[in-house]
Amino acid sequence: MNNETTALISLKEAMKRVDHKLQALEAQFKELDCTKDSLTQRFEEHSKALASQAAQDELWRAVLATKFTSMELNILYSYIIEVLICLHTCVLEKLPDLVQGLPTLASVLRRKVKNQRIRVVWESVLAECGLQEGDITALCTFFIAHGNKAEYYGTKVRQMYIRDVACLITNMVKNQALQDSLLRAVQVIEKGKAVKAPEEQKSSLKELIPSVRN
C-alpha cells in the first residue's frame, strides 16, 4: 500500500469521525430545540395562569370595594339572579334528557368542563344571550360576594326605585370588566330573554355559592 492510498484511507476515516460528530451535534441541537419549545410553552401557560389569577383578584377587589346602597345592591342582585336562572333554564330546554342531572346552574358549570355536549349547549346559550364566559365569572363573583345579604326585587319594584340602571352601573362600577358584564346582564333582561325569578328558583340558586368557590 503506497503513501497516497494510506493518506486517502486516513482522510476517509477522518471524514467519518467528523460526520459522526456533526450527527451528534445535530441530535443535541434538536434536543435543545425541544427543551426550548417545552420551556417556552410552560412559560406561556404560566404567564396566562398568572394573568387570569390577577384578573380574578382585580374582579374580586372591584366587587367588594364598590359601595352600593342596600337598594342599589338589591336591584343589581335581582338582575343577576334572573340572568342566571335564564341561562340554567335555556340549557335545560336544549338538554331535556339531562334535567335530572343538571338541577342547578352550578351543576352545569361543573359538568360542562368534561362533557362536550353540555359545553356546546352552554356556549350556544351564552352566544344567544350575547354573553361570554368572562361575564358569567363576573356575575357569579358578584352573586357569591353579596348573595347572603341581598334581597330579590321584581321588575315593578326595580322600576319604582331606579329608572336607568345602566346609568347607575356606569357611574358606580369603575372596573371595566365588571361594568361591562353588569351592563350586558341588564341588557339580557331588558330584551326579554330572561325569565322572572319565582321564590322556589331563587332558593335553588343559593346552591351556586359553594360550587363556584370550589
Side-chain angles (χ1 to χ4, degrees), residues 59-60 62-96 99-100 102-110 121-122 124-213:
L59 179 60
W60 270 101
V63 168
L64 296 172
T66 306
K67 302 301 180 184
F68 298 106
T69 65
S70 234
M71 178 264 295
E72 292 168 345
L73 181 63
N74 291 340
I75 288 174
L76 293 179
Y77 169 82
S78 300
Y79 275 105
I80 290 171
I81 278 280
E82 291 190 10
V83 171
L84 297 181
I85 289 175
C86 172
L87 294 173
H88 184 222
T89 302
C90 289
V91 169
L92 295 185
E93 287 175 354
K94 292 177 182 288
L95 297 170
V99 170
Q100 297 300 318
L102 299 171
T104 64
L105 181 62
S107 62
V108 175
L109 297 177
R110 186 168 54 249
V121 168
W122 170 253
S124 171
V125 169
L126 286 185
E128 289 171 7
C129 291
L131 299 171
Q132 302 171 3
E133 285 287 354
D135 296 323
I136 307 309
T137 300
L139 298 180
C140 288
T141 301
F142 191 102
F143 181 89
I144 294 168
H146 300 300
N148 63 332
K149 61 189 176 212
E151 180 183 350
Y152 175 75
Y153 284 175
T155 303
K156 290 182 180 179
V157 177
R158 294 199 298 260
Q159 291 176 346
M160 183 173 64
Y161 282 119
I162 291 183
R163 290 289 181 181
D164 190 353
V165 68
C167 184
L168 164 68
I169 293 169
T170 303
N171 290 335
M172 292 290 296
V173 181
K174 302 309 178 185
N175 178 277
Q176 195 63 52
L178 179 59
Q179 183 186 113
D180 290 345
S181 296
L182 290 172
L183 288 172
R184 277 191 280 268
V186 170
Q187 191 174 39
V188 170
I189 305 298
E190 300 303 331
K191 284 185 176 181
K193 289 187 178 293
V195 297
K196 293 183 183 295
E199 291 299 323
E200 60 270 19
Q201 285 181 300
K202 283 166 52 190
S203 62
S204 70
L205 271 171
K206 291 295 183 182
E207 297 178 34
L208 178 72
I209 296 176
S211 299
V212 171
R213 279 177 176 166

**Student:** Would you give the length of the straight line joining atom OG1 of Thr155 to atom CE of Met160, rounded to the nearest 0.5 angstrom?
**Tutor:** 12.0 Å

**Student:** Under the criterion side chain to side chain contact (heavy atoms under 4.5 Å, CB included), I'd like the reasoning laid out for Leu131 against Val125: C-alpha separation, chi angles, the key distance, then a yes or no.
**Tutor:** CA-CA 8 Å; Leu131 299 171; Val125 169; over 6 Å; no

**Student:** Identify the two heavy atoms, one from Ala138 and one from Leu59, that lie closest to each other, and give their separation to 0.1 Å.
**Tutor:** CA-CD2, 3.6 Å

**Student:** Does some side-chain heavy atom of Tyr79 sit less than 4.5 Å from a side-chain heavy atom of Val188?
**Tutor:** no

**Student:** Any side-chain to backbone donor/acceptor pair from Asn74 onto Glu151? Under 3.5 Å, distance only.
**Tutor:** yes

**Student:** Out of curiosity, Phe142 CZ to Phe68 CZ, how far, rounded to the nearest 0.5 Å?
**Tutor:** 5.0 Å

**Student:** Using a 4.5 Å cut-off on heavy atoms from C-beta on, say whether the side chain of Ile81 contacts that of Ile85.
**Tutor:** yes

**Student:** If you define the side chain from C-beta out and look only at heavy atoms, does anything of Val108 sit under 4.5 Å from Leu87?
**Tutor:** no

**Student:** Taking all atoms of both residues into account, what is the closest heavy-atom pair of Asn175 and Ala62, and its distance?
**Tutor:** CB-CB, 3.3 Å

**Student:** Are Val83 and Phe143 close enough that some pair of their side-chain heavy atoms sits under 4.5 Å apart?
**Tutor:** no

**Student:** Between Cys167 and Thr170, is there a side-chain heavy-atom distance shorter than 4.5 Å?
**Tutor:** no

**Student:** Less than 4.5 Å apart, any side-chain heavy atom of Tyr153 and any of Ile162?
**Tutor:** no

**Student:** If you round to the nearest 0.5 Å, how far is CD of Gln176 from CG of Leu183?
**Tutor:** 8.5 Å

**Student:** Which value, rounded to the nearest 0.5 Å, describes the distance between Leu178 atom CG and Met172 atom CE?
**Tutor:** 11.5 Å

**Student:** Side-chain contact test, heavy atoms from C-beta onward, threshold under 4.5 Å: evaluate it for Leu73 versus Lys149 and give yes or no.
**Tutor:** yes

**Student:** Are Val157 and Ser78 side-chain neighbours, meaning at least one heavy-atom pair lies under 4.5 Å?
**Tutor:** no

**Student:** Going by the rule salt bridge (Lys or Arg N to Asp or Glu O under 4.0 Å), which residues pair with Glu133 if we only count those two or more places apart in sequence or in a different chain?
**Tutor:** Lys112

**Student:** Listing request: all salt bridge (Lys or Arg N to Asp or Glu O under 4.0 Å) pairs with a residue in residues 179-189, at least two apart in sequence or in separate chains.
**Tutor:** Asp135-Arg184

**Student:** So, for Ala145 and Val63, which heavy atoms are closest and what is the spacing to 0.1 Å?
**Tutor:** CB-CG1, 3.5 Å

**Student:** Say you draw a straight line from CH2 of Trp122 to CG of Leu105; how long is it, rounded to the nearest 0.5 Å?
**Tutor:** 5.0 Å

**Student:** Identify which one of Thr66, Ile75, Leu76 satisfies the side-chain contact (heavy atoms from CB on, under 4.5 Å) criterion when paired with Ile169.
**Tutor:** Leu76

**Student:** Under 3.5 Å, is there a donor-acceptor pair between the side chain of Ser107 and the main chain of Thr104?
**Tutor:** yes

**Student:** Does a side chain donor of either Glu72 or Tyr161 reach within less than 3.5 Å of an acceptor in the other side chain?
**Tutor:** no

**Student:** So how far is it from His146 NE2 to Leu64 CG, rounded to the nearest 0.5 Å?
**Tutor:** 6.0 Å

